[in-house]
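Note on naming: letters A, B, ... go to the chains in the order of the sequence lines (proteins, then strands), and numbering restarts at 1 for each one.
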There are 2 protein chains.
Amino acid sequence: MKDVIENKLKLRSVKPTAMRLLVLQALLNEKKALSLNELETILEHADRTTIFRTLKTFQEKFLVHRVYDGSGMVKYAVCDDDCNCSLQENHLHFLCTKCSTTYCLKDAPIAIPTIPKGFKAKYANYLIEGSCSSCN
Amino acid sequence: MKDVIENKLKLRSVKPTAMRLLVLQALLNEKKALSLNELETILEHADRTTIFRTLKTFQEKFLVHRVYDGSGMVKYAVCDDDCNCSLQENHLHFLCTKCSTTYCLKDAPIAIPTIPKGFKAKYANYLIEGSCSSCN
DNA sequence: TAAGGAGTGCAATGCCATTGCAAAGTTTAG
DNA sequence: CTAAACTTTGCAATGGCATTGCACTCCTTA
């Protein structure tokens, strides 16, 4: 497991420090998009700022993507190994309004709609709000 | 024009106070999603709190909907008269990362993707980021 | 092994949404 | 017509979360 995580970092040219391994592991374990707060809770003794900066680094290296779920907090989810966070690679996110869990529904690719002339699309973020299977 | 706005309010059983007329007019004039800050700037002498609460009322009465564009600020856009903010009525939003304008692309209906078993969708919010025609 | 750079932690700041409370305005009952 | 009740508004304060500044530590490299 630790190897998998280290490889993921190496693949994106991010030095595998202790903190980075922890943050990435937490994100992989939870299998859902996590907010800074949630990560802080999971990684009990880690500093908020460090996590924040780690996530920033991860974003720049396409290791994670931000999810805007309208909860007021930005959440973070792990990218696929071959992801470049381009338009076509954006997938669906689902926010359960009961338990505040944000799911990355990678298997539900989203259609890029036609946009008006003169507009250029770069990123897509499709969010569905509702209730998840655990809450129903 | 004033009549149009008053009618919109009446239609949703919202008392047409001075502030409410102003806020709704501003939103209609601009033809794009506005943040609280932007509204505060447009309505020079209006109090931030009042605008906030006005928008809250509007939301409850389906006069406006919130737009989460990941800019960190919630934006607000006017609903169509027959809108109930239900899943099917959600439309596309476009954030220009250059001028920070958020457009409501009402003519680009969005497809509701199939979601996993056990999940129930309630609202949809589809955001495209890129650059708009004015900035290209 | 000393110097430079990267990573980390603490404390402080700042931005924006939201709430408490009191004043002003509006409606309603008597 | 008027007092009571409710609604709307404005000011001030609070609170949550993201972000930054600075100093310390660790790791790399010449």
Side-chain angles (χ1 to χ4, degrees), chain A residues 5-6 8-10 12-27 33-61 63-77 95 97 100 102 125, chain B residues 5-6 8-10 12-27 33-61 63-77 95 97 100 102 125:
Chain A
I5 299 175
E6 280 198 25
K8 256 183 148 12
L9 288 170
K10 201 179 292 172
R12 302 291 191 163
S13 320
V14 178
K15 271 191 231 166
T17 68
M19 273 306 309
R20 286 171 182 170
L21 291 169
L22 282 175
V23 172
L24 190 50
Q25 178 157 46
L27 284 168
L34 294 176
S35 69
L36 194 47
N37 258 319
E38 288 166 331
L39 276 168
E40 211 183 347
T41 308
I42 295 169
L43 310 171
E44 290 188 26
H45 295 294
D47 181 72
R48 179 188 189 73
T49 312
T50 305
I51 302 174
F52 172 74
R53 278 194 268 237
T54 300
L55 290 168
K56 201 174 177 185
T57 306
F58 283 2
Q59 279 174 75
E60 285 157 7
K61 303 289 187 162
L63 260 166
V64 303
H65 55 268
R66 300 172 74 118
V67 183
Y68 306 119
D69 66 0
S71 67
M73 287 176 296
V74 181
K75 293 187 180 168
Y76 302 85
L95 169 69
T97 48
S100 302
T102 300
N125 195 42
Chain B
I5 299 174
E6 280 198 23
K8 255 183 150 11
L9 288 170
K10 201 179 294 173
R12 301 292 192 163
S13 319
V14 178
K15 270 191 232 166
T17 69
M19 273 307 309
R20 285 171 183 170
L21 290 169
L22 282 175
V23 172
L24 190 49
Q25 177 157 46
L27 284 168
L34 295 175
S35 70
L36 194 48
N37 259 320
E38 289 167 332
L39 276 168
E40 210 182 350
T41 308
I42 295 170
L43 311 171
E44 291 189 25
H45 295 295
D47 181 72
R48 180 185 188 75
T49 312
T50 306
I51 303 174
F52 172 75
R53 277 195 269 237
T54 300
L55 289 168
K56 200 173 176 185
T57 306
F58 283 3
Q59 280 174 75
E60 284 157 7
K61 301 291 187 160
L63 259 167
V64 302
H65 55 269
R66 298 172 77 118
V67 183
Y68 306 118
D69 65 2
S71 67
M73 287 175 296
V74 181
K75 292 186 182 169
Y76 301 86
L95 169 68
T97 48
S100 303
T102 300
N125 194 42

Considering only side-chain heavy atoms of [X], which listed nucleotide, [options], is closest?
{"X": "B/R48", "options": "D/dT20, C/dA17, D/dG10", "value": "C/dA17"}
{"X": "A/F52", "options": "D/dA18, D/dC17, C/dG20", "value": "D/dA18"}
{"X": "A/T49", "options": "C/dT19, C/dA11, D/dC17", "value": "C/dA11"}
{"X": "B/L36", "options": "C/dT8, C/dC10, C/dT18", "value": "C/dT18"}
{"X": "B/M19", "options": "D/dT9, D/dT20, C/dG7", "value": "D/dT9"}
{"X": "B/R53", "options": "D/dC17, C/dT18, D/dC11", "value": "D/dC11"}

May I have the distance from [X] (atom [atom1]) to [N] (atom [atom2]), rounded to whole angstrom?
{"X": "B/E40", "N": "D/dT9", "atom1": "CD", "atom2": "C1'", "answer": "14 Å"}
{"X": "B/R20", "N": "D/dG10", "atom1": "CZ", "atom2": "P", "answer": "12 Å"}
{"X": "A/E60", "N": "D/dT19", "atom1": "CD", "atom2": "P", "answer": "12 Å"}
{"X": "A/L34", "N": "D/dC17", "atom1": "CG", "atom2": "C1'", "answer": "16 Å"}
{"X": "B/L43", "N": "D/dT9", "atom1": "CG", "atom2": "P", "answer": "12 Å"}
{"X": "B/K61", "N": "D/dT7", "atom1": "NZ", "atom2": "C1'", "answer": "13 Å"}
{"X": "A/M73", "N": "C/dT18", "atom1": "CE", "atom2": "P", "answer": "13 Å"}
{"X": "B/D69", "N": "C/dC16", "atom1": "CG", "atom2": "C1'", "answer": "14 Å"}

Is the phosphate of [N], meaning OP1 or OP2, less than 4.0 Å from a side-chain N or O of [X]?
{"X": "B/T50", "N": "D/dG10", "value": "yes"}
{"X": "B/K56", "N": "C/dA17", "value": "no"}
{"X": "B/N37", "N": "C/dC15", "value": "no"}

**Report entry** First of B/K15 and A/R66 reached from the 5' end of DNA chain D, by closest nucleotide
**Finding:**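 By nearest-heavy-atom nucleotide position, the 5'-most residue is B/K15.
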
Quick check for you: to the nearest 0.5 Å, what is the distance between [X] atom [atom1] and [Y] atom [atom2]?
{"X": "A/Q25", "Y": "A/L43", "atom1": "CD", "atom2": "CG", "value": "9.0 Å"}
{"X": "B/F58", "Y": "B/L27", "atom1": "CZ", "atom2": "CG", "value": "7.5 Å"}
{"X": "A/D69", "Y": "A/T102", "atom1": "CG", "atom2": "OG1", "value": "3.5 Å"}

Query raised in the report: Taking A/R20 for the side chain and A/K15 for the main chain, is one N or O donor matched with an acceptor at less than 3.5 Å?
Result: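 Side chain of A/R20 to backbone of A/K15: a pair is present.
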
Query raised in the report: Given A/T49 and A/R53, is the side-chain contact (heavy atoms from CB on, under 4.5 Å) satisfied, shown in steps?
Result: CA-CA 6 Å; A/T49 312; A/R53 278 194 268 237; 3.0 Å; yes

